Enquirer: 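There's a structure below that I have some questions on.
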Amino acid sequence: MRSLKDEGVKTIFGYPGGAIMPVFDALYDYTRGEKKAFDHILVRHEQAAAHAAEGFARVSGEVGVCLVTSGPGATNTLTGVADAMMDSTPIVVIAGQVGTGALGTDAFQEVDLVGVAQPISKWSYQIRRPEDIAWAVSRAFYIARSGRPGPVVLDFPKNAQTGKTEWIPKHVTSVRSYEPYPAISQKAVDEAAELINNASCPLALVGQGVELGNAQNELVEFLEKADIPAARTLLGLSALPSGHPLNMGMLGMHGSYAPNVMENKCDVLIAIGMRFSDRVTGRLDTYAKQAKVIHLDIDKAEIDKNVKTDVAVVGDCKISLAAITRQLKKNDHTAWKESFKPYFEQENQKVIQPAIHPKDGPLLMGEIVNAVAEATHGDAVLVNDVGQNQMFSCRYFKYNKKRSVVTSGGLGTMGFGLPAAVGATFGAPDRTVCLFTGDGGFQMSIQELGTIMEQQAPVKIILMNNNYLGNVRQWQDMFFDHRKSFTKMLNPSYQSICNGYHINYEVVIDRADLHSAIERMLHTDGPFVLECAVKEEDNVLPMTPPGNSVDDMLLEINI
């Protein structure tokens with residue numbers, strides 16, 4: 001407890017059990033009275049503890065912490081650990097373990113947690129002696145938050161919990177062979193600036209690394225000085241305000257039409273804090289072959305991993321962006337930016353307007369997201385689950401502030417949304433947190449309504465219910481001859497469930513009632529579930545079909 005306090009921890013998400021009981025007993029004194037240092041949030045499932053820690057970390061910029069027991073308690077967190085690793089989210093998982101004398105005996109609730117966690121964490125370590133606790137905790141937080149952030153797992157055998165030692169604070173500031181902030185090559189900066197200064201059609205791809213490096217201001221200065229249009233990845237959506245004139249939309253399979261086409265037309269492609277995932281690039285053998293590629297990233301392992309780079313600027317983008325900007329000429333790329341407009345107009349006519357302003361028929365997911373975005377004026381935090389709800393909400397929500405997107409990008413974890421939204425309310429208590437979820441993902445972690453009830457976490461939950469696993473259903477219709485194999489869902493009465501948890505609830509079926517219901521939700525104190533009955537076979541567009549080139553986007557499908 002002293003070591004966690006020394007690291008500035010104030011919020012812990014957890015679930016007690018036998019092998020972690022001594023720690024929870026110590027925690028008791030630190031959550032009340034004059035000694036109070038922490039708020040402990042009792043989740044209803046250990047996986048939710050990890051996701052809540054992720055949501056907390058994403059919006060606050062701090063390290064999320066979860067505390068669980070051994071065996072199934074620890075393994076239940078591993079989906080969240082893998083999710084955090086894929087999305088570079090700093091969390092520390094502290095898990096109980098059987099005593100060191102029982103290790104390897106298949107003791108009750110024993111699992112080789114270090115071995116299991118090692119491939120999906122930034123560091124995993126077993127604390128075997130009480131003398132090592134302060135050092136291990138400090139090292140864990142240093143590794144989790146420094147450089148490219150990520151999850152750390154501490155395995156804590158019971159004898160190390162109950163042993164006695166003098167607490168001597170440790171402050172780990174370096175680890176041998178670990179270089180979190182590589183020195184930036186001046187030669188690379190010079191080469192990058194020269195390529196950008198001589199570019200006729202530059203395009204910037206903005207990733208979450210800008211948010212993780214707190215480089216939002218440096219990004220804007222960089223883009224504005226050289227007049228470079230920019231597109232954002234799913235995780236980098238709030239790194240650049242939605243209304244900025246150089247913002248060209250979202251990249252990826254369901255991103256904006258214009259930037260996806262222009263990736264294969266630009267002459268210089270500048271990737272900033274993004275990893276060229278397959279959902280961004282489509283077919284690699286046809287991706288941006290005409291362009292010189294500049295890649296700014298803090299993690300050298302990302303360089304040339306998927307896309308061959310002409311200039312690699314390895315280091316903290318807050319520093320590298322500023323260094324390049326100092327060497328840039330003031331530029332004007334009006335003609336290049338104007339060339340995006342026909343693609344914007346096509347998408348607006350064929351996709352966006354029909355999605356957000358339908359004339360008749362059932363409610364659509366796009367219009368619901370757009371209505372909430374307008375009502376919150378771009379100031380809310382967007383949290384979503386995975387599937388069609390994720391794509392629609394990321395596409396049509398608005399972002400004025402940094403650290404406004406909490407989504408499961410790399411792992412695509414259904415059930416992520418509800419606990420992550422709980423964590424976000426503690427990480428950003430002064431902001432409105434809006435969770436968009438489908439009926440499938442919502443039911444994967446629906447027990448966390450109990451956490452919301454107990455904490456009165458003010459999550460505004462927009463449940464877009466189409467009675468399907470919508471994303472899988474769309475693919476089945478497009479690529480599997482309409483064979484809807486086990487994607488239709490028989491759903492419960494969500495009103496009855498919300499009543500049981502004493503959570504405000506309303507359902508919207510008619511379009512005429514949508515805006516007033518949203519206003520009631522936003523102006524109601526505490527949590528609120530707004531169930532929206534949406535068109536069962538609504539499809540996310542545009543779409544680059546799997547295996548296609550990034551610019552082979554479909555604006556309409558006939559299925």
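These numbers come from a predicted model, not from an experiment. Position 1 is the first residue of the sequence; numbering continues from there.
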Enquirer: Should we count CZ of R145 as having more than 12 external heavy atoms under 6.0 Å?
Expert: yes
Enquirer: Verify, without hydrogens or angle tests, whether E448 (side chain) and L418 (backbone) share a donor-acceptor contact under 3.5 angstrom.
Expert: no
Enquirer: Looking only at atom types and distance, does a side-chain atom of E110 sit under 3.5 Å from a main-chain N or O of A107, one as donor and one as acceptor?
Expert: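 Pair found, side chain donor or acceptor close to backbone of A107.
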Enquirer: I368 versus L514: any side-chain heavy-atom pair under 4.5 Å?
Expert: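 Contact flag for I368/L514 side chains = yes.
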Enquirer: So, does Y181 use its side chain to make a donor-acceptor pair with the main chain of G147 at under 3.5 Å?
Expert: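 Yes: the side chain of Y181 pairs with the backbone of G147.
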Enquirer: Between F276 and H295, does the ring centroid distance fall short of 6.0 Å?
Expert: yes
Enquirer: Side chain to side chain contact (heavy atoms under 4.5 Å, CB included) with E46: which of V93, L78, T77, T79?
Expert: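 Going through V93, L78, T77, T79 one by one, the side chain to side chain contact (heavy atoms under 4.5 Å, CB included) with E46 is satisfied by T77 alone.
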Enquirer: Could you tell me if the side chain of M250 sits less than 4.5 Å from the side chain of T233, heavy atoms only?
Expert: no
Enquirer: Check whether any side-chain heavy atom of L234 sits under 4.5 Å from a side-chain heavy atom of Q390, and report yes or no.
Expert: yes
Enquirer: Would you please test N471 and Q388 for side chain to side chain donor-acceptor pair (under 3.5 Å) and show each step?
Expert: CA-CA 5 Å; N471 212 46; Q388 288 184 318; 5.0 Å; no
Enquirer: What about the rings of Y142 and W123, do their centers lie closer together than 6.0 Å?
Expert: no
Enquirer: Any carboxylate oxygen within less than 4.0 angstrom of a Lys/Arg side-chain nitrogen, looking at E302 and R148?
Expert: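 The answer is yes: the pair qualifies as a salt bridge.
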Enquirer: Might you point out which heavy atoms bring R232 and L240 nearest each other, and give the distance in Å?
Expert: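 Closest approach of R232 to L240, heavy atoms only: NE-O, 3.7 Å.
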Enquirer: Ignoring hydrogens and angles, tell me if any N or O in the side chain of D385 forms a donor-acceptor pair with the backbone of T437 under 3.5 Å.
Expert: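 No; zero donor-acceptor contacts below 3.5 Å.
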Enquirer: Check whether any side-chain heavy atom of F397 lies under 4.5 Å from a side-chain heavy atom of F392, and answer yes or no.
Expert: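 A side-chain contact under 4.5 Å is absent here.
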Enquirer: Looking at R403 and E211, is any side-chain nitrogen of the basic one under 4.0 Å from a carboxylate oxygen of the acidic one?
Expert: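 Between R403 and E211 there is no salt bridge, as every charged N stays at least 4.0 Å from the carboxylate O atoms.
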Enquirer: Just wondering, do C394 and L382 contact through their side chains at under 4.5 Å, heavy atoms?
Expert: yes
Enquirer: Any carboxylate oxygen within less than 4.0 angstrom of a Lys/Arg side-chain nitrogen, looking at E7 and K170?
Expert: no
Enquirer: Treating S60 as the side-chain partner and G427 as the backbone partner, does any N or O pair qualify as donor plus acceptor under 3.5 Å?
Expert: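 The answer is no, because no donor-acceptor pair under 3.5 Å joins these two groups.
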Enquirer: Would you name the heavy atoms of A144 and V63 that are closest together and state the gap between them?
Expert: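 For A144 versus V63, the nearest heavy atoms are CB-CG1, 4.4 Å.
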Enquirer: Closer than 3.5 angstrom, by distance alone: can the side chain of D87 be matched with the main-chain N or O of T89 as a donor-acceptor pair?
Expert: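 No.
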Enquirer: Using every non-hydrogen atom in the two residues, find where Q161 and P22 come nearest and quote the distance to one decimal.
Expert: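 Shortest heavy-atom contact: OE1-CD, 3.2 Å.
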Enquirer: Do side-chain atoms of D25 reach the backbone of M21 as a donor and acceptor pair under 3.5 angstrom?
Expert: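 It does not hold such a pair.
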Enquirer: Under a 3.5 Å distance rule, please check whether K122 uses its side chain to pair with a backbone N or O of I143 as donor and acceptor.
Expert: yes
Enquirer: Any donor and acceptor pair, going by atom type alone, linking the side chain of S70 with main-chain N or O of Q109 inside 3.5 Å?
Expert: yes
Enquirer: Could you tell me whether the side chain of L27 reaches within less than 4.5 Å of the side chain of M1, counting heavy atoms only?
Expert: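 When only atoms from C-beta onward are counted, L27 and M1 do touch, with a gap below 4.5 Å.
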Enquirer: Would D39 and K36 count as a salt bridge (Lys or Arg N to Asp or Glu O under 4.0 Å) if you check the C-alpha gap in whole Å, the side-chain angles of each, and the deciding distance to 0.1 Å?
Expert: CA-CA 8 Å; D39 288 314; K36 180 174 178 177; 3.0 Å; yes
Enquirer: Is the backbone of Y396 close enough, under 3.5 Å, to the side chain of K398 for a donor and an acceptor to pair up by distance?
Expert: yes
Enquirer: Could you check whether H40 and Y30 have their ring centres less than 6.0 Å apart?
Expert: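 Aromatic pair excluded; centres sit 6.0 Å or further apart.
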Enquirer: Taking the six-membered ring for Trp and the full ring for Phe, Tyr or His, determine whether the centres of F442 and Y494 are under 6.0 Å apart.
Expert: yes
